[in-house]
2 protein chains.
Amino acid sequence: MTKTTTQQGQRALPLNQILPGDCIAEMNKLPEASVDLIFADPPYNLQLKGNLHRPDNSQVDAVDDHWDQFDSFKAYDTFTEEWLAAARRILKPDGAIWVIGSYHNIFRVGTKLQDAGFWILNDVIWRKSNPMPNFRGMRLTNAHETMIWASKSEGGKYTFNYEAMKALNDDVQMRSDWVLPICNGHERLKNSRGEKAHPTQKPEALLHRVLLATTNPGDVVLDPFFGTGTTGAVAKMLGRDFIGIEREAEYREVAQKRIDNVRKIDSDALEITTSKRAEPRVPFGQLVERGMLRPGEMLISGNGKNAAKVRADGTLVARDVKGSIHKVGAHLEGAPSCNGWTYWHFKRDGKPVSIDVLRQQIRAEMRD
Amino acid sequence: MTKTTTQQGQRALPLNQILPGDCIAEMNKLPEASVDLIFADPPYNLQLKGNLHRPDNSQVDAVDDHWDQFDSFKAYDTFTEEWLAAARRILKPDGAIWVIGSYHNIFRVGTKLQDAGFWILNDVIWRKSNPMPNFRGMRLTNAHETMIWASKSEGGKYTFNYEAMKALNDDVQMRSDWVLPICNGHERLKNSRGEKAHPTQKPEALLHRVLLATTNPGDVVLDPFFGTGTTGAVAKMLGRDFIGIEREAEYREVAQKRIDNVRKIDSDALEITTSKRAEPRVPFGQLVERGMLRPGEMLISGNGKNAAKVRADGTLVARDVKGSIHKVGAHLEGAPSCNGWTYWHFKRDGKPVSIDVLRQQIRAEMRD
DNA sequence: TCTCCCAATGAATCCATCT
DNA sequence: CAGATGGATTCATTGGGAG
């Protein structure tokens, strides 16, 4: 499958190969304006300090690899500026770039992208359906990563397969937030020691959507931080040519083996995970946040025997018990459990109305 | 409701007022380290093109697009740097800031936040359940905005009401992606001409969650880009004090009228679910002193595998260790740490009961 | 073979207080 | 300020082994 092409009579393009070495040096060897799309998953510069344990005392396997360490923001900025400059040179005028990151690095990457003259088209949120929780209860669960999609310049005639995206999304415009599970199970590559081969392997479904949306068959996709080659594997599957650059020999080996095993397959198999799910869960707290119920308002039980007051955090308080709508209902009824949605009612025009009516309203909005 | 306080004998803090004028100048008039939280929705559609100058003072040629774009970013960065510096000065050491933006400006804001010494805690995605569709079908539907939550410095003891957020979300950790509708319907304010009063009015549900999560009742919340006063309205409702700064008289008028109509919710409805961390500390030795446990009595672990003897000084002794309930538990389990309160049980009527039950009894007495 | 239960794990800037 | 100590804290999914 390895092939080469010549661009404008210049040097050959090493298609469907994994180039060893530093990405800046390797990109600088390639002819300018020769690549259709760049997908980049640069180091995030996580700046982790001590160890972290789960509540069950097991230790979290953190990203402590040397390649993710930078001395300062300035060092990271310089690195970003340099690889972006090299990337921009080899990009065709109508080409585009995707970069993925987290809050540790993405703001710096976005700034440097804009400074380099790239034109941001969308920021796209990968909402993880199964993120790692926050074990110490100190912050919000870090449940997403951010991707920036940008054309080489303002006015660049970038590729966007609008209809394909719409079709993928039940004939509704594809939004800027994508819900996809993290990469684990059989898709997660293992090394010879049985450990995960790479600490940050991206799911193929993510790349599938990126490539389907912003490239055409036969396009050249370059990934300067190739890792275990998700970009290459999906590109091959979808009939795109890839160029990977990776410094670590161990990652290159795993990636090459992986890509050799890839066959062009019926691509919609990958998108199964993104199709419709069951009725979305609506937390009771949303009714309060949205002002459908007011903190301090009284709810009454359907049988008229009990009452409870709504609090600002979406819990109820009754005579001697505080907690969720379900818990308080169960306690007041002396029952092991209780469906608070059908149990509790509020008054509208003097008549009791089930709070479930409000949940229906929210679900109806969500379907739009 | 307007009131003033004095901080450390300095100038008064103009609480629950909307200050007219430029936010940087107005913030500079306030005493330093006096504000608990800042919520900022900075503008990004700055009309800067008309009066831009190159470093050599020559007028920018409007045809020269590259210069134009670069200088416009530079001007925005300077503006961001200045208002962030003013904001940081008035923030208490354990205070925090929220900034909301879109891909046009959020990367620049995030970078400047980090450069100013703020410490990012989370980036939070407001996922709009009813966004404006992309009419031209050239990009993805822009269906979210990004908020950055940051403490004043690394190590700042910021406020985070973890349990309240969990309660609000049906007893699972609140994630970094928040699904909320955009502001429309009755909540959307109109001006005297029947047009929408402000182009980017934020929904109250968003501020409700922000303030509930990261402030306590009585905290001072400052919004330097007050607009039509969503921050002030929700702050009043939730029993927080606000300071608004707004340049445009028309917005100030609308905001003032809106806030005057807001009712504060009952203070008992403002009470939120609290964490165990907030509970007073009870030394294990108290259980022995009070005779709830006798010296010489045996405790058993919840998993039934281990046992230890209570000593008169509130330490335990097992096979080959002596020490606190935590230390002995950790040692016996070979774990890095152990919560002795939940690990150890005593026998009552032949059945194991957690020693935490005894701690609860003491705490209940303390509350009386 | 099928089901149930337990263990493992994922890009994480993850404690507070006193000595 | 470093070090020691008390004690608080998790969600969705996968896979393997037991039954």
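In what follows, chains are A, B, ... by sequence order, proteins preceding strands, each numbered from 1.
When the side-chain nitrogen and oxygen atoms of B/Y343 are compared with OP1 and OP2 of D/dG6, none of them lie within a distance under 4.0 Å. Note on B/H326: every side-chain N or O is 4.0 Å or more away from OP1 and OP2 of D/dG6. Checking the phosphate oxygens (OP1, OP2) of D/dG6, no side-chain nitrogen or oxygen of B/R359 falls inside 4.0 Å.
With both ends at atom C1', the span from C/dT13 to D/dA12 equals 23 Å, rounded to whole Å. The separation of D/dG19 from C/dT1, taken at their C1' atoms, amounts to 12 Å, rounded to a whole angstrom. Rounded to a whole angstrom, the distance from the C1' atom of C/dT9 to that of D/dT10 is 12 Å. Comparing C/dC14 with D/dG7, their P atoms are spaced 23 Å from each other, to the whole Å.
The residue A/Q201 sits apart from the nucleic acid: no heavy atom pair falls under 4.0 Å. Residue contacts for A/E145: at a heavy-atom cut-off of 4.0 Å it reaches a base atom on one of the strands shown. Base contact: A/G50 has a heavy atom under 4.0 Å from a base atom. Heavy atoms of A/P203 sit nowhere under 4.0 angstrom from any nucleic acid atom. Among the atoms of the strands shown, none is found under 4.0 Å from any heavy atom of B/L121. Within 4.0 Å of A/S102, counting heavy atoms only, lies no atom of the nucleic acid at all. Within 4.0 Å (heavy atoms only), A/D41 reaches at least one base atom of the nucleic acid. Counting non-hydrogen atoms under 4.0 angstrom, B/F284 reaches nothing in the nucleic acid.
With hydrogens and angles ignored, the 3.5 Å screen pairs a side-chain donor or acceptor of A/D313 with a backbone N or O of B/T273. When atom types are taken as modelled, the side chain of A/S58 and the backbone of A/R54 share no donor-acceptor pair closer than 3.5 angstrom.
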Donor-acceptor pairs are to be reported for all side-chain atoms of residues 106-114 of chain B against protein atoms at under 3.5 Å, with residues two or more places apart or in another chain.
residue: B/R108; atom: NE; partner: B/D77; partner atom: OD1; Å: 2.8
residue: B/R108; atom: NE; partner: B/D77; partner atom: OD2; Å: 3.4
residue: B/R108; atom: NH1; partner: A/Q114; partner atom: OE1; Å: 3.0
residue: B/R108; atom: NH1; partner: A/D115; partner atom: OD1; Å: 3.3
residue: B/R108; atom: NH2; partner: A/D115; partner atom: OD1; Å: 2.7
residue: B/R108; atom: NH2; partner: B/D77; partner atom: OD2; Å: 3.0
residue: B/T111; atom: OG1; partner: A/F107; partner atom: O; Å: 3.0
residue: B/T111; atom: OG1; partner: A/T111; partner atom: OG1; Å: 2.9
residue: B/T111; atom: OG1; partner: B/F107; partner atom: O; Å: 2.9
residue: B/K112; atom: NZ; partner: B/E81; partner atom: OE1; Å: 2.8
residue: B/Q114; atom: OE1; partner: A/R108; partner atom: NH1; Å: 3.0

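Proximity of residues 61-70 of chain A to DNA chain D (heavy atom under 4.0 angstrom from any strand atom) is not detected for any residue. For DNA chain D, the neighbouring residues in residues 131-143 of chain A, judged by any heavy atom under 4.0 Å, are A/P131, A/P133, A/N134, A/F135, A/R136. Of the residues in residues 330-340 of chain B, those lying under 4.0 Å from DNA chain D by heavy-atom distance are B/S337, B/C338, B/N339.
Taking the salt bridge (Lys or Arg N to Asp or Glu O under 4.0 Å) definition, one finds that A/E82 meets it with nothing, sequence neighbours left out. Every residue meeting the side chain to side chain contact (heavy atoms under 4.5 Å, CB included) condition with B/P352, not counting sequence neighbours, appears here in chain and number order: B/I300, B/H345. Under the ring pair (Phe, Tyr, Trp, His ring centres under 6.0 Å) criterion, A/H198 pairs with A/W67, A/Y251, sequence neighbours left out.
Legend: salt bridge (Lys or Arg N to Asp or Glu O under 4.0 Å) pairs involving residues 316-338 of chain B, not counting sequence neighbours: none detected. Residue pairs that meet the ring-ring contact (aromatic ring centres under 6.0 Å, His included) test with at least one member in residues 148-175 of chain B, sequence neighbours left out, are B/W98-B/W149, B/W149-B/Y158, B/W149-B/F160. Sorted by first and then second residue, the salt bridge (Lys or Arg N to Asp or Glu O under 4.0 Å) pairs involving residues 137-148 of chain A (not counting sequence neighbours) are A/K128-A/E145.
You'll find the side chain of B/V288 reaches within 4.5 Å of the side chain of B/P295, heavy atoms only.
Between B/K157 and B/D94, no side-chain nitrogen of the basic residue sits less than 4.0 Å from a carboxylate oxygen of the acidic one, so the salt-bridge criterion is not met.
Ring to ring, A/F226 and A/F242 are close: their centroids are under 6.0 angstrom apart.
Interface limits on DNA chain C: the 5'-most and 3'-most nucleotides within less than 4.0 Å of chain A heavy atoms are C/dT9 to C/dA16.
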Only Watson-Crick and G-U wobble pairs with both distances less than 3.5 Å should count. Give DNA chain D in dot-bracket notation, marking inter-strand partners with |. .|||||....|||||||||

